[in-house]
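Let me begin by presenting the structure, written as structure tokens, before commenting on it.
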There are 2 protein chains.
Amino acid sequence: MKFNTKTRYGLRTMLELANNVGNDEVIFQKDIAENQAVSVKYLDQIIAALKKAGLVVNVGGKKSGYKLNKPPEDISVYDIYTAFEDDLAIIDCLLHGGHCPKGSKCSLKGYWLGLNQVIRSNMEGTNLRDLLQKQL
Amino acid sequence: MKFNTKTRYGLRTMLELANNVGNDEVIFQKDIAENQAVSVKYLDQIIAALKKAGLVVNVGGKKSGYKLNKPPEDISVYDIYTAFEDDLAIIDCLLHGGHCPKGSKCSLKGYWLGLNQVIRSNMEGTNLRDLLQKQL
DNA sequence: ATTTATCCTACTAAAATGGTAGGATAAGTA
DNA sequence: TACTTATCCTACCATTTTAGTAGGATAAAT
């Protein structure tokens, strides 16, 4: 039961961009990588995923920089998680198409589903604005 | 973000034993393995972990069977989880001794810690009695 | 023309996962 | 007493996932 580094670095990256909202300074991959103590090449992949998910945009092409694609309060932790992973499924049989060998006789599915929902709700209910305020 | 099979099979095993409380029937590893659609050899390891954690006992030695070591309401999902894993830590830096390269400047640790606590509380707050009632 | 930051794909070492395998031990059975 | 069989215990292993590295193409600014 761990979150992977991409989700963690991705969230840190998004928070760094959120901190910058209102400024017109550009933020380069390079600078973010340095701040986060991650190689530029690895952050490269992380930002690519965030971009693909529509969470960040590159303004002005090359030699320019990144910014959030929405206001911080409209980006949840879960949005960032799903930029790197499928929908949360703490056990496989919760996924669409997944099923366990016990089939409908599995009396635990209800419990796992509830826990899954608790986690997901927490992540959906926390946005970048909340996280910015927490760090004050 | 997945629970592993040992925790899942372990929980199912415990629920099976909990269903048996009050009966004096013996339950063999062999029978549990068959019910759970798992090999005897693999369940072997799972039961060994549950036993080591003090959650089940073998009554009567060989050619005997297993039962819960405590009443179902005194065994939480988290007890079963920790029979197979260390204390829950959804990111490494939450563990004793763990630290991230950002050190004290990490403004996200508070968020992760909160989410970790939400998950743990759910697991600690759910016991085998609750799960038995859910399956009715 | 050159620099350099983004973009894109492939590869890889190490660790975790989900088991299998082999055999020792001890209790019940014939 | 000999035999069966269920528990107990340790080692091993194939596959997948994780956490990156590497190489180079592209395009904008200088």
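The chains referred to below are lettered A, B, ... by the order of the sequence lines, with proteins before strands, and numbering in each begins at 1.
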Study note, to complete from the structure: Reading nucleotides 9-15 of chain C from 5' to 3' and marking B where a protein heavy atom lies under 4.0 Å of the base, S where only the sugar-phosphate is that close, and - otherwise, the string is -B-----
**Study point:** Rounded interatomic separation in angstrom, taking CG from A/N58 and P from D/dA27
**Key:** 14 Å
Check your understanding: Under 3.5 Å, is there a donor-acceptor pair between the B/N127 and B/Y78 side chains?
Key -> no
Exercise for review: Examine D/dT7: is either OP1 or OP2 under 4.0 Å from a nitrogen or oxygen in the side chain of B/Q29? Give yes or no.
Suggested key: yes
Check your understanding: How long is the line joining NZ of B/K30 and P of D/dT4, in whole Å?
Key -> 15 Å
Point to revise | Options C/dT20, C/dA5, D/dT21, nucleotide nearest the side-chain atoms of A/Y42 | key: D/dT21
Study note, to complete from the structure: Going by chain and number, the hydrophobic cluster around B/V118 (ILVMFWY, side chain to side chain under 4.5 Å) further includes A/V118
Revision key, fill the gap. Applying ring-ring contact (aromatic ring centres under 6.0 Å, His included) to A/Y42 and not counting sequence neighbours gives none
Exercise for review: For D/dT21, take OP1 and OP2 only and decide whether either is under 4.0 Å from a side-chain N or O of A/S39.
Suggested key: yes
Protein-nucleotides 14-18 of chain D N/O pairs under 3.5 Å:
none

Practice item. Starting at atom CZ of A/R12, determine the distance to atom P of D/dA19, rounded to an integer number of angstrom. Key: 13 Å
Point to revise | Overall bend - the helix from C/dA1-D/dT30 to C/dA30-D/dT1, comparing terminal axes fitted on five pairs, nearest 10 degrees | key: 0°
Review point. Starting at CD of A/Q36 and ending at P of D/dG20, how long is that distance when rounded to a whole Å?
Key: 13 Å
Study note, to complete from the structure: Between CG of B/L43 and C1' of C/dG19 the distance, given in whole Å, is 13 Å
Check your understanding: Taking atom C1' of C/dT17 as reference, at what distance in whole Å does atom NZ of B/K6 sit?
Key -> 9 Å
Review point. What pairs meet the salt bridge (Lys or Arg N to Asp or Glu O under 4.0 Å) rule with one or both residues in residues 71-89 of chain B, with sequence neighbours excluded?
Key: B/E73-B/R129, B/D87-B/R120
Practice item. Report the C-alpha distance between A/L55 and A/L17 in whole Å, list the side-chain angles of each, state the deciding distance to 0.1 Å, and finish with yes or no for side chain to side chain contact (heavy atoms under 4.5 Å, CB included). Key: CA-CA 11 Å; A/L55 299 177; A/L17 291 176; over 6 Å; no
Review point. Below 4.0 angstrom from OP1 or OP2 of C/dC7, is there any side-chain N or O of A/K51?
Key: yes
Practice item. Mind jotting down which residue pairs meet the salt bridge (Lys or Arg N to Asp or Glu O under 4.0 Å) criterion with at least one end in residues 27-37 of chain A? Sequence neighbours excluded, please. Key: none
Study note, to complete from the structure: Residues passing the salt bridge (Lys or Arg N to Asp or Glu O under 4.0 Å) test with A/K70, sequence neighbours excluded, are none
Exercise for review: Not counting sequence neighbours, list each pair that qualifies as a salt bridge (Lys or Arg N to Asp or Glu O under 4.0 Å) and has a residue in residues 44-56 of chain A.
Suggested key: none
Study note, to complete from the structure: For B/S39, the side chain to side chain donor-acceptor pair (under 3.5 Å) test, sequence neighbours excluded, returns none
Review point. Looking at CD of A/Q36 and CD of A/Q29, how far apart are the two atoms once the value is rounded to the nearest 0.5 Å?
Key: 12.5 Å
Review point. Looking at residues at least two apart in the chain, or sitting in another chain, which of them share a ring-ring contact (aromatic ring centres under 6.0 Å, His included) with B/F3?
Key: A/W112, B/Y81
Revision key, fill the gap. Note: with side-chain heavy atoms under 4.5 Å as the link, the other cluster members for B/V40 come out as none
Review point. Can you tell me if the side-chain N/O atoms of A/Y9 get under 4.0 Å from OP1 or OP2 in D/dG20?
Key: yes
Check your understanding: Tell me: CZ of B/R8 to C1' of C/dT17, nearest whole Å?
Key -> 12 Å
**Study point:** Under-4.0 Å side-chain N/O to phosphate OP1/OP2 contact, B/Y66 with D/dT7
**Key:** no
Revision key, fill the gap. Rounded to whole Å, the CZ-C1' distance (A/F28 to D/dA29) equals 10 Å
